[in-house]
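Below is one structure; the comments refer to it alone.
Labels below follow one simple rule: chain letters A, B, ... track the order of the sequence lines, proteins then strands, and each chain is numbered from 1.
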Amino acid sequence: MYNHQAIEKKWQQRWRASKLYRTGEDRQKPKYYVLDMFPYPSGAGLHVGHPKGYIATDIVARKRLMQGYNVLHPMGWDAFGLPAENYALKNKVHPRQATQKNIATFKKQLELLGFSYDWEREINTTDPKYYRFTQWIFLQMWRRGLAYESYAPINWCPSCQTGLANEDLEDGHCERCGSLVEQKPMRQWVLKITKYADRLLDDLDKLPDWEEAIKEMQRHWLGRSLGAEIDFQIFGSEEKITVFTTRIDTIFGCTYVVLAPENPLVMSLKPKINNWLAVENYLQEVKDKTELQRTDLNKEKTGVCLEGVFAVNPFNQEKVLVYLADYVLNSYGTGAVMAVPAHDERDWEFAQKYQLPIRQVIITNNRESLNLEQALITDGTLRDSGDFSGLSSSEARIKMIDWLQKNNSGREKVNYKIKDWVYSRQRYWGEPIPLIHCDKCGVVPVPEEQLPVTLPEVESYAPTGTGESPLAAISDWVNVVCPHCGGPAKRETNTMPQWGGSCWYYLRYIDPHNQQELVAKDLEKYWSPVDLYVGGAEHATRHLIYARFWHKFLYDIGVVNYEEPFIKLQHVGLIMGEDGRKMSKRWGNVINPEEMAKRFGADALRLYEMFMGPFDQTVAWSTKGLSGTRKFLEKVYNIVDSSNKLPVKEEKQILSLLHKTIKKVDEDIEAFRFNTAVSAFMILINSVTDYCQAHQAMPLSSENLGKLLQILAPFAPHLSEELWDKLGFTGSIFKSKWPAYQEELIKDETITYIVQVNGRLRARLTVLAGADEEEIVHLAISEGAVSKWLEGKDIKKRIFVPGRLINFVV
RNA sequence: GCCGCGGUGGCGGAACUGGUAGACGCGCUGGACUUAAAAUCCAGUUGUAGAGAUACAGUGCGGGUUCGAUUCCCGCCCGCGGCACCA
């Protein structure tokens, strides 16, 4: 009887006692670093979707172990941040206690599934020994001018009562709590990620083992646009409006210029504006709109003309109207655009509404003239563009930028969609920012030897809502002496965001107990970079951009030896509830892995999650499906269990199938095709079972059964270990050497040919592997099922694909 | 709207570089065992016609290339994910 509970408990204890999964340290051996995205230990515990990625990495880790690598396969907790704090607030416990409790639950659940983590390297981002170095990295950034204070308006979540980065928004709502986000000006610490935008983009090409989809998402998020800034003088004034455009080739079609309502130029132009009342009204109107209303694409564009103000196009000295309109964003480019309605959809729409002139300056083969229905936005040939007429768009862009630079009225310019990273939060549960404000000396860093700046234990940690962190109220923590002048000074009271600690945690696993530095150089050199990183696609534009940014910075200051942190990235597909909806308390469709492991066994659960479908695809859960892999494991158990009761009669076909399976499973693991690997196991086991029943004999020797267990071991470690022991092998199966298949055993003696007539299957022909074409054709034609289709017809052509098929065209 | 991914039985899915469509699992149907049920085992399971051999149709839709297309090309439809007035 396959008693999974007893077996799993027994082997988990033995593995722990023998420290089987302690990371190898013999640096003569090749290394393999396989990493999961570490979880937030949330109060709800794990659902069955969480471990899916962990199972895959565990399979790879165990295989590498058997292949003789030193394997680094660690786990830890990303425990700072809003979810943990909100949970704690709701349940009226201190976040530290809530976090500790949740970690204990998560860890227990993970251990039940029998992962091969080296728990001696467990890390926790909320541990002062850990965040000491998060703070240290921040200070290095500050020293190099990459962290700066900003007072610009930022995203503010009224419910979480903190500022947020752009990456923390979903559709204009707080990603955490779903509240509508407002814009609020406030003091913030900001990281200059834009300085790394080019490298973050260009180095994506150095990552062939990242999925293209994720690289594309990052490219879009970074959003590099090459173009030009063009200065339009204000007529009769020293002021100028600088616009950014990627389509300088259309500049002769510019019929007006538009400023974003928030553009500070509006105020300085006030004396020249004849219709100030109308302008002021418009500004108010815009202010009253929510961010969502403003960015609603379906709404009609609105704007107001700045009467009396004219901008001069430097190319033709033409005076054009200046408008204010909220379809122009102040946060991108220069907050001003040149409007070319003939060649831009948005300008077209606006010009239609306000009856502004539309002037075509680009022609294409199929569009000699505008059809007055829509803008012509493709490249083409310039016309009515002065000296530039007749050039192609791409030539014109180069020559026009040259002209601008020579005439001192503009410059080449690259813009990015990504914004600098708003890095401070007005919340309690985060790493304190290790800076001090001194009236005399300004911002002073906490001396490195005084790190960490620990989070004070407090009674009240609820957000204040004033834009100040709750830490601001703790006067004996806040008030310090200035490390520089010794005078009175105050600590920075904002904390770091959720994503801070996760930017470098993969480095800490390499050297988790080092108190001198975040990672020792020689260890970093040996283990870094991460060979395989598995996690959810939702991190494509958040964590994975932030971490690459920090890593490049650490590379620049000599902490790491390679420019990219993760060599291969694989995303895991979600597991939905049985009803096809996302698993959530709300729908009552959450499946608990602990319960499933208890009922069916951790091994069956592991196997099922790999078998459900393609690894990167979203699939709905099915407990019945899980019972299928459970039945499969019972068959494996029964075969090995009965192997000493049946005589061994080695069967060549089954031996061959075993070796084919070894090959397939090996290849499938490397390609993350676990579903077909599991199916290959089932095929093999089915045929062994059938043989046993039919012949009352075991077709595989103990040695070969051992091979079967070895390739199954990464998937079903407990059962494999148990049966390995039962078969009389000594030592852990994970200390054994990963089996190799034998080429001569996987070659088939006979080949089944497909015989087609006019491409339609008419017969199958089984011939010896060595048979030549003539022989096969002869056999095929004499086959009744084939000859009846050939009768009375001429064979015009014969297609012969060796080893596969023969096709007669009649 | 743009970018990416996908659409195959009742369901999850398989099919290598164009070459047996539906592997494997679930479910369902029938049978064996059982007083009965569960479990287990055996047989069947894309549709239509046929007792059957077999024939025809069939991988979202419409065309095309090819001896041969789930696979390649063109034009659509639908679903999922990402971005979204980014000039």
Side-chain angles (χ1 to χ4, degrees), chain A residues 170-172 211-221 223-225 227 243-248 250 258 260 294-299 301 325-329 331-340 343-347 349-350 377 415-419 537-538 540-541 571 573-574 580 607-608 611-614 616-629 631-632 634 638 664 667 673 675-686 689 693 752-764 785 788 796-801 803-810:
Chain A
E170 244 167 35
D171 235 353
E211 289 160 89
E212 204 48 47
I214 294 202
K215 289 198 271 187
E216 253 335 269
M217 276 196 230
Q218 292 210 351
R219 287 190 190 106
H220 281 136
W221 193 265
R224 177 163 60 191
S225 303
V243 302
F244 172 72
T245 181
T246 55
R247 291 298 304 275
I248 192 173
T250 65
V258 194
R294 266 192 77 166
T295 53
D296 181 5
L297 277 167
N298 297 319
K299 79 157 200 233
K301 299 203 182 339
D326 69 354
Y327 79 89
V328 174
L329 307 174
S331 51
Y332 183 76
T334 59
V337 303
M338 63 174 208
V340 184
H343 304 295
D344 180 278
E345 280 171 336
R346 293 149 301 183
D347 299 340
E349 197 190 314
F350 193 78
I377 57 171
N415 264 323
Y416 303 90
K417 277 197 225 175
I418 194 168
K419 307 273 190 335
E538 70 273 15
T541 53
H571 92 264
L574 293 176
L607 213 58
Y608 174 61
F611 182 57
M612 289 175 83
D616 55 0
Q617 196 174 296
T618 302
V619 201
W621 177 262
S622 156
T623 303
K624 288 219 170 106
L626 171 55
S627 70
T629 53
K631 275 186 244 168
F632 161 76
E634 279 168 13
N638 291 336
K664 176 149 182 67
E667 289 168 356
R673 287 189 303 248
N675 55 332
T676 52
V678 175
S679 132
F681 281 125
M682 289 172 167
I683 291 168
L684 174 63
I685 290 302
N686 286 345
T689 310
Q693 267 171 18
T752 302
Y753 272 81
I754 304 310
V755 186
Q756 296 181 330
V757 178
N758 284 345
R760 302 191 69 110
L761 173 72
R762 295 305 176 189
R764 276 156 237 253
K788 80 174 184 196
K796 283 195 210 146
K797 203 173 159 188
R798 197 172 79 200
I799 288 118
F800 180 80
V801 183
R804 283 208 177 271
L805 75 112
I806 176 152
N807 184 12
F808 300 101
V809 185
V810 296

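For A/Gly759 and A/Met338, each mapped to the nucleotide of RNA chain B holding its nearest heavy atom, the one lying further toward the 5' end belongs to A/Gly759. In this structure, A/Ser679 and A/Thr676 both approach RNA chain B, and ranking their closest nucleotides by distance from the 5' end singles out A/Thr676.
In this structure a side-chain-to-backbone donor-acceptor pair under 3.5 Å is missing from A/Tyr608 to A/Thr623. Remark: the backbone N or O of A/Val810 is paired with a side-chain donor or acceptor of A/Asn758 at under 3.5 angstrom.
The gap from the C1' atom of B/G13 to that of B/G6 amounts to 14 Å, rounded to the nearest Å. On the P atoms, B/A21 is 22 Å away from B/C73, given to the nearest whole Å. With P as the reference atom, B/C26 and B/A43 are 15 Å apart, rounded to whole Å. Rounded to a whole angstrom, the distance from the P atom of B/C24 to that of B/U35 is 34 Å. On the C1' atoms, B/A39 is 37 Å away from B/U59, given to the nearest whole Å. Comparing the P positions of B/G4 and B/G75 gives an interatomic distance of 14 Å, to the nearest angstrom. B/U66 and B/G19 have their C1' atoms separated by 12 Å, with the value rounded to a whole Å.
Picking from B/G13, B/C3, B/C16 the nucleotide with the shortest atom distance to the side chain of A/Glu216 gives B/C3. The A/Lys631 side chain lies nearest to B/C26 when the options are B/C56, B/C26, B/A14. The side chain of A/Thr245 lies closest to B/A87, out of B/U54, B/A87, B/C3. With distances taken from any side-chain atom of A/Val809 to the nucleotides B/U20, B/C67, B/G19, the minimum falls on B/C67. Of the listed nucleotides (B/C56, B/C24, B/G19), B/G19 has the atom at the smallest distance from the side chain of A/Gln756. Between B/G13, B/C42, B/U20, one nucleotide has an atom nearer to the side chain of A/Leu761 than all others, and that is B/U20.
A/Leu607 places its CG atom 15 Å from the C1' atom of B/C26, with the value rounded to the nearest Å. Distance CH2 (A/Trp621) to C1' (B/G13): 16 Å, rounded to an integer number of Å. Note: CD1 (A/Ile799) to P (B/G19) measures 14 Å, nearest angstrom. Straight-line distance from the CD atom of A/Glu211 to the C1' atom of B/C5: 11 Å, rounded to whole Å. What separates CD of A/Glu349 from C1' of B/C85 is a distance of 9 Å, to the nearest Å. To the nearest angstrom, C1' of B/A84 lies 19 Å from CZ of A/Arg219.
Other residues, nucleotides and ligands contribute only 12 or fewer heavy atoms inside 6.0 Å of the CD atom of A/Glu345.
For A/Lys624, no side-chain nitrogen or oxygen approaches OP1 or OP2 of B/G27 to under 4.0 Å. Taking only side-chain nitrogens and oxygens, A/Gln617 comes nearer than 4.0 Å to OP1 or OP2 of B/G13. OP1 or OP2 of B/A87 has not a single side-chain nitrogen or oxygen of A/Tyr327 nearer than 4.0 Å. At the phosphate of B/A87, OP1 or OP2 sits under 4.0 Å from a side-chain N or O atom of A/Ser225. For A/Asn758 and B/G68, the shortest distance from a side-chain N or O to OP1 or OP2 is not below 4.0 Å. Between A/Arg760 and the phosphate of B/A57, there is a side-chain N or O to OP1/OP2 separation shorter than 4.0 Å.
At the heavy-atom level, A/Asn415 lies nowhere under 4.0 Å from the strands shown. Contacts of A/Asn686 with the nucleic acid, taken as non-hydrogen atoms under 4.0 Å apart, involve only primed sugar atoms and P, OP1 or OP2. When heavy atoms are screened at a 4.0 angstrom cut-off, A/Val328 is found touching base atoms of the nucleic acid.
Under the 4.0 Å criterion applied to side-chain N and carboxylate O atoms, A/Lys215 and A/Glu212 are assigned as salt-bridge partners.
Anti is the glycosidic conformation of B/G30, whose angle departs from 0 by more than 90°.
Interatomic distance, A/Thr629 OG1 to A/Met612 CE, rounded to the nearest 0.5 Å: 10.5 Å. Note that CZ of A/Arg247 and CD1 of A/Ile377 are 8.5 Å apart. Values are rounded to the nearest 0.5 Å.
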Worksheet item: Does the pair A/Phe681 and A/Phe611 meet the rule for a ring pair (Phe, Tyr, Trp, His ring centres under 6.0 Å), with working shown?
Response: CA-CA 11 Å; A/Phe681 281 125; A/Phe611 182 57; over 10 Å; no

